[in-house]
Colleague: 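A single structure is presented below for examination.
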Amino acid sequence: MDKIMETLKGLGENNNFLIGVIVVGVILILLIIFTVLNTKKVKKQLNEAEMNYNSLKSIPLPFKLNKAVALSRVNSAVAESVERSRNEFDIVQEQLKEASVYLGEIDDLIYVHKVKQAKRQLKELQELLENCSVGVHKLSTSLDNILEQESAQREQINKLKNQFRIDKEIIRDNRENYNSGIEVLEARVTSIEKMFSTFEEWMFASEFAKAGTQQVEISEAMKELEQLMDEFPALYEEAKLSLPKAIDETGYVYAQARNQGVYLEHLEAKRNLETVTAMLKDDLGRLAEGQIEGVMYSLLECEKRLQQLKEQIDREVKASEDFTASYEPLLNDIQTMNENIIKLRDLYEKVKIRFGFENLNDSLDAIDRMMSEVLIARDKLKESAANQAIPATTLMLSMNELKQHCKELLDELGKVKKKLDTACADEERAKKQLLKLQLIVNEITVKINKNRLPSISLKYEEDLRKANLIINEINCLLEATPLDVARLNEKLKEAIDFVYTLFNSVNNLVGMAIMVENTIVFGNRYRSTYPEIDSELTRAELCFRNGQYTKALKIAIQTIEKLHPGSYEKLIRKTQGTAA
C-alpha cells in the first residue's frame with residue numbers, strides 16, 4: 001500500500017503524464033460506445049430487412065402461380081400472361097434467395113464485429129429487397145388479375161355458404177312448423193351440399209366456367225329452398241287443414257240439403273267436390289316433390305270454388321224454406337183477393353146508379369184483366385212447384401214476380417174500393433149527422449116552450465125556420481139519385497155550423513131569462529118594505545115581458561146588490577142548477 005501511494009505521488013508530480021492517460025481512457029470509452037451503438041443500429045436495420053423479407057415471402061405467389069398455370073391449361077387466352085408471370089416468378093425467387101444469403105452473411109459479420117462490412121452489405125440487401133418488393137407486388141397483382149374470376153367466384157360462393165348455414169339452422173330450429181315438408185327441405189339441403197362439393201372440385205381443377213355454372217345452379221337451388229321455407233308452412237296449412245275442412249263442410253251442407261229435399265242437381269255439387277278433391281291430391285303430390293310453383297293459387301282457387309258452391313247451396317236451402325213458408329199464404333191471398341173483386345163488383349152494381357159511378361167500369365175491367373193474369377201466373381207457379389226438377393231460387397223468382405203483380409192489383413183494387421167505401425161512408429155519416437141535427441132542433445124548440453119565455457125575437461124564430469129548411473134540404477139530397485156527395489157534404493157542413501150556433505144562442509137566452517126570473521123572485525120579499533126596490537123590480541118585469549132580457553137582468557141585479565152585495569154569484573149558481 002505504501003508503495004502504491006508513493007507511486008501515485010510520483011505520478012502526481014508529473015501532471016502531463018496524468019492528463020494523457022485520462023484522455024486516452026476517454027477516447028477508448030467513446031470508441032467502445034460508438035461501436036456498440038453502431039452495432040445496435042446495424043442489427044435494427046437487419047431486423048427490419050428480415051421483416052421485409054418475411055413479408056415478401058408470405059405472399060402466396062407459388063399458390064397463385066400454380067392456380068394460374070392450371071387455368072392456362074383450360075384457357076388459352078391467359079397462357080401468354082401466365083408464361084410471363086412464370087418468368088417473373090423465377091426472377092423474384094432468385095432475388096429472395098439472394099436476399100436470404102445476404103441476411104446470413106450480415107448476421108455473421110455482426111457476430112464477428114465487422115460492423116462496417118456488415119453495413120455495406122446491408123445497404124446492398126436493402127436495395128435488393130426494394131427491387132424484389134416491386135417485382136413481388138407486380139407479380140402478385142398480375143396473378144390476381146389472371147385469377148380475378150376465381151376470386152370473384154370464391155367471394156360469391158362464400159356468401160352463399162354463409163347464407164346456406166343460416167338456412168340450415170332455421171330449418172333445424174323449425175322442424176315442427178314445416179311438418180311433413182321437412183323431408184322435402186332436408187332432401188333439398190342434401191342436394192345443395194353435393195352441389196357445393198362439385199363446385200369445389202371444379203375450382204380445384206381451375207374449371208372456372210364450369211364452377212360458375214355450378215354456382216348459378218347453387219344460387220337458384222338456394223332461392224327455391226328459401227321459397228320453400230317461406231311458403232311451405234302456409235301451403236301445408238291450406239292443403240292439409242283449411243281446404244280439407246272446407247271440403248268436409250261443403251259436403252255436409254250438400255248432404256243436409258239433399259236430405260231436406262232441396263233440388264241441387266243444377267249445381268253439379270257432387271262433380272265439383274270430386275274435382276276439388278282430385279286437384280287437392282295433385283297439389284299434395286307436387287308439395288311432396290317440393291314443386292310449389294302455382295300450388296297456392298290452385299289451393300285458393302279450390303277454396304274459392306268450394307265457398308261459391310256452399311253459398312249456392314245455402315241460397316237454394318234459404319229459397320226452398322222461403323218458398324215453402326210463402327207458397328200457401330200467397331195462394332190464399334190470391335183466392336181472397338179474387339173473392340174481394342167479386343164482392344166489389346157486386347157492390348159496384350148496387351151503388352153505381354146511387355152514387356153515379358158509371359165511370360168506374362173501365363177501372364173494374366182493368367182489375368179483372370189483372371186478376372186473370374195473376375190467376376194464370378198462379379197456375380204456372382203451382383205447376384212449377386209440383387215439378388221436382390226446378391231450383392228453389394227459380395221458383396222464388398216466379399213467386400216474387402207473382403207477388404209484385406198481386407201488389408199492383410191490390411193497389412188498383414184499393415183505389416176503387418176506397419172510392420166506393422168513401423161514398424157509402426159519406427152517406428151513412430150524413431144520415432147520422434142529420435138525425436143528430438134534428439134532435440138538436442127539437443131540443444131548441446122544447447127549451448123555448450118549456451121555459452115559457454114571454455117574448456122571443458123574430459130572429460130566433462127565423463133562425464129556427466131556417467134550421468128546419470136546411471134539414472129538409474139535406475133530406476132531399478139523401479133521397480135523390482144519383483147522390484151528389486159533394487153537395488151533400490157541403491150542405492151538411494153548413495147545417496152543422498148554423499144549428500150548433502143557434503143551439504148555443506138559445507141556451508144563453510134561456511139561461512138569462514131564468515136568471516131574471518130568479519132575481520125578481522129573490523127581490524119580491526123586499527117590495528113592501530122598500531118602495532124604491534118595488535119600483536125597480538117593476539121596471540125589470542116590464543123589460544122581461546118585452547123580451548129585453550139583458551136589460552131586465554141588469555136592472556134586477558143592480559137593485560138586489562144594493563141590499564145584499566155578493567148575491568149575484570148565488571143567483572148564477574141557482575140559475576145553472578135550474579137550467580141543467
Side-chain angles (χ1 to χ4, degrees), residues 58-71 73-75 77-78 140-141 143-242 282-300:
S58 65
I59 297 176
L61 293 177
F63 176 76
K64 292 182 179 181
L65 182 62
N66 290 336
K67 284 286 184 181
V69 171
L71 178 61
R73 295 193 189 103
V74 295
N75 189 351
V78 299
S140 178
T141 302
L143 291 173
D144 286 341
N145 291 333
I146 294 173
L147 299 175
E148 183 177 2
Q149 182 180 1
E150 181 196 18
S151 299
Q153 288 180 341
R154 181 61 61 187
E155 182 180 356
Q156 291 297 321
I157 206 67
N158 286 337
K159 292 181 180 179
L160 291 175
K161 285 181 178 179
N162 291 334
Q163 184 60 44
F164 184 60
R165 281 192 290 272
I166 295 173
D167 292 342
K168 287 200 297 184
E169 290 177 1
I170 294 174
I171 292 172
R172 182 192 63 210
D173 296 338
N174 295 275
R175 292 178 64 87
E176 295 182 357
N177 293 336
Y178 296 121
N179 295 290
S180 62
I182 192 64
E183 297 177 0
V184 176
L185 295 175
E186 289 178 344
R188 291 297 181 96
V189 168
T190 302
S191 174
I192 293 173
E193 287 175 342
K194 291 179 180 179
M195 295 170 73
F196 274 116
S197 298
T198 303
F199 173 83
E200 293 298 337
E201 290 175 2
W202 289 125
M203 290 295 288
F204 182 77
S206 298
E207 294 285 353
F208 299 120
K210 294 180 180 179
T213 302
Q214 188 66 51
Q215 179 178 318
V216 173
E217 293 177 359
I218 291 172
S219 178
E220 293 176 352
M222 285 184 61
K223 287 180 181 178
E224 292 178 0
L225 175 64
E226 290 170 354
Q227 187 178 8
L228 279 173
M229 291 166 60
D230 292 339
E231 298 183 13
F232 198 84
L235 289 170
Y236 176 85
E237 182 178 359
E238 184 67 28
K240 290 294 187 71
L241 300 176
S242 299
D282 181 59
D283 290 335
L284 288 172
R286 292 166 65 188
L287 285 178
E289 297 174 359
Q291 300 176 6
I292 63 172
E293 186 68 29
V295 172
M296 180 57 81
Y297 176 79
S298 175
L299 293 173
L300 293 178

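Just so it is clear, the values below take in all heavy atoms, side chains as well, and ignore hydrogens, waters and symmetry mates.
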Colleague: Show the nearest heavy-atom pair for residues Ser298 and Asp283, with the distance to one decimal.
Modeller: OG-OD2, 2.8 Å
Colleague: Distance check, rounded to the nearest 0.5 Å: Lys194 atom NZ versus Thr198 atom OG1?
Modeller: 9.5 Å
Colleague: Which heavy atom in Lys168 sits nearest to a heavy atom in Glu193, and how many Å separate them?
Modeller: NZ-OE2, 3.0 Å
Colleague: Rounded to the nearest 0.5 Å, what separates atom NZ in Lys223 from atom CD in Gln163?
Modeller: 12.0 Å
Colleague: Could you grab the distance from atom OG of Ser197 to atom CD1 of Ile192, nearest 0.5 Å is fine?
Modeller: 12.0 Å
Colleague: Could you measure the distance from the CZ atom of Phe164 to the CD atom of Glu169? Nearest 0.5 Å is fine.
Modeller: 11.5 Å
Colleague: Enter the distance from Ile218:CD1 to Lys161:NZ here, rounded to the nearest 0.5 Å.
Modeller: 8.5 Å
Colleague: Which pair of non-hydrogen atoms, one from Asp167 and one from Met222, has the smallest distance, and what is that distance?
Modeller: OD2-CE, 3.9 Å
